[in-house]
*Asks:* 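I have a structure here, written as C-alpha cells, and I will follow up with some questions on it.
Positions are given from 1, in the same order as the sequence printed here.
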Amino acid sequence: MERQPKKAIVLGATGLVGNRLTRRLLEDEQYGEVLVFTRRASGMSHSKLKEIRADLLSLQAQKPVFKADVVFCCVGTTRAKTPDKERYREVDYGIPVTAARLCRENGIPAYQVISSLGASEKSPFFYNRLKGKMEMEVLGYALEETHILQPSLIGGKREEVRKGERFAQGLMRFLDPVLLGSLAKYRMIQPEDIAQAMHYLADHPRKDPSIPSDLIRSIAREARGKNYNKSTRA
C-alpha cells in the first residue's frame, strides 16, 4: 500500500537553521507539503511550499490551519536583538509552548524544538532558566514524539549583524580543538548539522527527548554516513 505524503510545519523558516531545514524537507519526496508560518517572505519557491503570513506571537489564532504530521520549531532571538525581557519571553518561551499546545489540540504526533545547551529551570541565568521552563512545558504536553535540540553556540553568517556572536564564534574557532571528551558538547555547531539532525530525527526518533549539542552532531554524521536524502530511507 502506497504511503500517504507527509505534511510538515516549520516555524522560523527564515532563520539560519529553519531555512536549511525547510529546503531539505521540500526536496524530500516523502513530504507532500511544507507549511511555514512567517511574518515575511521566506524567499523560497517550490511547488510543495505553502506560506502563511502570520504573527507567531499570536500563533494560537492559526489553530484551524495548524495541521501536519510533524512540527519543527526553529524560532529564537537574542538578548541583543530583544533586550526587553517580557518580549524575549514571548518569543523564546511563548512561541514554542504554543506550538506544542497546538500539536496536542490538533492531534499532531511529532514535535521538534530548538532550545539551548545549559537550559535548566534552576539556572541562575535568565536565558537558560527561560529555556528550561520552555522545555518542561513542552514535555508536559506528552506528545507521541518530542525532540528538544540543545545546541551550543551556532555558527554561520546571519543577515543581521550580531557583534557579540561574531566575537564568540571567532573565539570558539580557537577553543574547539581543545574541547575534548565531556567538553566536546560545548564546541560550536553549524546550522547545517542541526537541520540535518532534525530532518533525520523525524524518521529516526529517539527515546530520550533531550538532544545535546554533541549528540546533534553525531546524528548529523549518522545521517551523512547513511547517505540520508530524498531517495534514501535507511
Side-chain angles (χ1 to χ4, degrees), residues 1-56 58-75 95-114 138 141-149 191-207 209 211 216 219-234:
M1 185 175 179
E2 188 175 350
R3 292 175 61 184
Q4 286 291 106
K6 294 170 65 176
K7 180 178 178 180
I9 288 176
V10 180
L11 305 176
T14 58
L16 269 179
V17 176
N19 184 273
R20 288 166 171 79
L21 174 61
T22 302
R23 293 181 185 280
R24 282 181 164 276
L25 297 172
L26 290 171
E27 295 304 319
D28 188 336
E29 61 187 15
Q30 72 172 330
Y31 289 91
E33 182 178 322
V34 180
L35 176 62
V36 302
F37 294 86
T38 179
R39 288 182 300 172
R40 58 186 175 90
S42 68
M44 292 178 276
S45 178
H46 197 284
S47 60
K48 294 192 293 187
L49 178 66
K50 182 179 179 181
E51 291 190 8
I52 293 181
R53 298 294 181 87
D55 181 359
L56 296 186
S58 302
L59 191 59
Q60 187 67 35
Q62 301 300 324
K63 181 178 177 178
V65 291
F66 199 92
K67 297 177 181 179
D69 298 289
V70 56
V71 174
F72 301 92
C73 184
C74 306
V75 173
I95 295 174
V97 170
T98 300
R101 181 169 63 247
L102 285 172
C103 285
R104 181 70 176 182
E105 292 175 353
N106 285 353
I108 300 172
Y111 180 54
Q112 295 188 35
V113 59
I114 297 178
V138 166
Y141 286 106
L143 303 174
E144 289 182 31
E145 291 178 16
T146 300
H147 292 101
I148 298 173
L149 288 87
E192 180 58 34
D193 281 345
I194 303 172
Q196 188 161 39
M198 295 179 82
H199 183 204
Y200 189 71
L201 282 167
D203 274 344
H204 303 77
R206 304 273 171 140
K207 290 183 179 180
I211 313 290
I216 295 173
I219 292 171
R221 284 198 302 268
E222 180 181 334
R224 287 193 293 270
K226 292 183 177 180
N227 192 30
Y228 184 79
N229 53 38
K230 63 180 180 179
S231 61
T232 301
R233 293 289 169 261

*Asks:* Rounded to the nearest 0.5 Å, how far apart are NE2 of His147 and SG of Cys73?
*Replies:*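 Result: 15.5 Å between the selected atoms.
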*Asks:* Quick check: does any side chain N or O of Asp193 sit under 3.5 Å from a backbone N or O of Ala220, one acting as donor and the other as acceptor?
*Replies:*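 No, because the side chain of Asp193 does not come within donor-acceptor range (under 3.5 Å) of the backbone of Ala220.
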*Asks:* Might you work through the side-chain contact (heavy atoms from CB on, under 4.5 Å) test for Asn106 and Lys63, ending with a clear yes or no?
*Replies:* CA-CA 8 Å; Asn106 285 353; Lys63 181 178 177 178; 3.4 Å; yes
*Asks:* With rounding to the nearest 0.5 angstrom, report the CZ to OG1 distance, Arg40 to Thr14.
*Replies:*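 Atom-to-atom, Arg40:CZ and Thr14:OG1 are 4.0 Å apart.
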*Asks:* Does Asp28 reach the main-chain N or O of Gln30 with its side chain, forming a donor-acceptor pair under 3.5 Å?
*Replies:*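 Confirmed, Asp28 side chain pairs with Gln30 backbone.
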*Asks:* Using the salt bridge (Lys or Arg N to Asp or Glu O under 4.0 Å) definition, which of the options Lys48, Lys6, Lys7, Lys67 pairs with Glu33?
*Replies:*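 That would be Lys7.
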*Asks:* Which distance, rounded to the nearest 0.5 Å, do you find between the CD of Gln112 and the CD1 of Ile194?
*Replies:*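 Answer rounded to 0.5 Å: 12.0 Å.
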*Asks:* Could you pull out the closest heavy-atom pair between Val36 and Ala13, with the gap in Å?
*Replies:*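 In this case the closest contact between Val36 and Ala13 is CG1-CB, 3.7 Å.
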*Asks:* Nearest 0.5 Å, what's the CD1-CG distance between Ile114 and Leu149?
*Replies:*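 So the gap between those two atoms works out to 6.5 Å.
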*Asks:* Decide yes or no for Leu11 and Leu59: does some side-chain heavy atom of the first lie under 4.5 Å from some side-chain heavy atom of the second?
*Replies:*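 Answer yes - side chains close enough.
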*Asks:* Looking at Arg20 and Ala195, would you say the former's side chain and the latter's main chain have a donor-acceptor pair under 3.5 Å?
*Replies:*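 Checking the backbone N and O of Ala195 against the side chain of Arg20, no donor-acceptor pair under 3.5 Å is found.
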*Asks:* Salt bridge check: are Glu192 and Arg24 linked by an N-O gap of less than 4.0 Å?
*Replies:*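 Salt bridge: yes.
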*Asks:* Once rounded to the nearest 0.5 Å, what's the spacing between atom CZ of Arg224 and atom CD of Gln196?
*Replies:*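 One gets 5.0 Å once the value is rounded to the nearest 0.5 Å.
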*Asks:* Do Phe66 and Leu35 have side chains that get closer than 4.5 Å, going by heavy atoms?
*Replies:*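 They are not in side-chain contact.
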*Asks:* What distance separates Leu21 CG from Leu16 CG, expressed to the nearest 0.5 Å?
*Replies:*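 So the CG of Leu21 and the CG of Leu16 are separated by 12.5 Å.
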*Asks:* What closest approach, in Å, do Arg104 and Ala142 show between heavy atoms, and which atom pair accounts for it?
*Replies:*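 Result for this residue pair: NH1-O, 3.4 Å.
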*Asks:* Does the side chain of Val34 reach to within under 4.5 Å of the side chain of His46, using non-hydrogen atoms?
*Replies:*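 Side-chain contact under 4.5 Å: no.
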*Asks:* Would you mind telling me which of Thr22, Leu49, Val10 makes a side-chain contact (heavy atoms from CB on, under 4.5 Å) with Ser42?
*Replies:*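 Single pass found, and it is Leu49.
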*Asks:* State, yes or no, whether a side-chain contact exists between Phe72 and Leu201 at a heavy-atom distance under 4.5 Å.
*Replies:*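 A side-chain contact under 4.5 Å is absent here.
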*Asks:* Restricting to non-hydrogen atoms, name the atom on Met198 and the atom on Cys74 that form the minimum distance, rounded to 0.1 Å.
*Replies:*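 So the minimum-distance heavy-atom pair works out to CE-SG, 4.0 Å.
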*Asks:* Between Pro96 and Val138, what is the shortest heavy-atom contact and its length?
*Replies:*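 Pro96 and Val138 have their closest heavy atoms at O-CG2, 4.1 Å.
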*Asks:* Tyr111: which residues meet the ring-ring contact (aromatic ring centres under 6.0 Å, His included) condition with it, sequence neighbours left out?
*Replies:*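 In terms of ring-ring contact (aromatic ring centres under 6.0 Å, His included), with neighbours along the sequence ignored, Tyr111 is linked to no residue.
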*Asks:* Could you check whether any side-chain heavy atom of Leu25 comes within less than 4.5 Å of a side-chain heavy atom of His199, counting everything from C-beta outward?
*Replies:*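 They are in side-chain contact.
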*Asks:* Is any side-chain heavy atom of Arg206 less than 4.5 Å from a side-chain heavy atom of Ile219?
*Replies:*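 They are in contact (side-chain heavy atoms under 4.5 Å apart), so the answer is yes.
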*Asks:* Of all the heavy-atom pairs spanning Arg53 and Ala41, show the shortest one and how long it is.
*Replies:*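 Scanning both residues, the minimum pair turns out to be NH2-CB, 3.2 Å.
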*Asks:* Is the backbone of Ala110 close enough, under 3.5 Å, to the side chain of Asp69 for a donor and an acceptor to pair up by distance?
*Replies:*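 Between the backbone of Ala110 and the side chain of Asp69 there is no qualifying donor-acceptor contact (under 3.5 Å).
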*Asks:* Do the side chains of Glu222 and Lys226 get close enough for a salt bridge, i.e. N-O under 4.0 angstrom?
*Replies:*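 So Glu222 pairs with Lys226 through a salt bridge.
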*Asks:* Between Val65 and Phe37, is any pair of side-chain heavy atoms under 4.5 Å apart?
*Replies:*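 With C-beta onward as the side chain, the pair touches.
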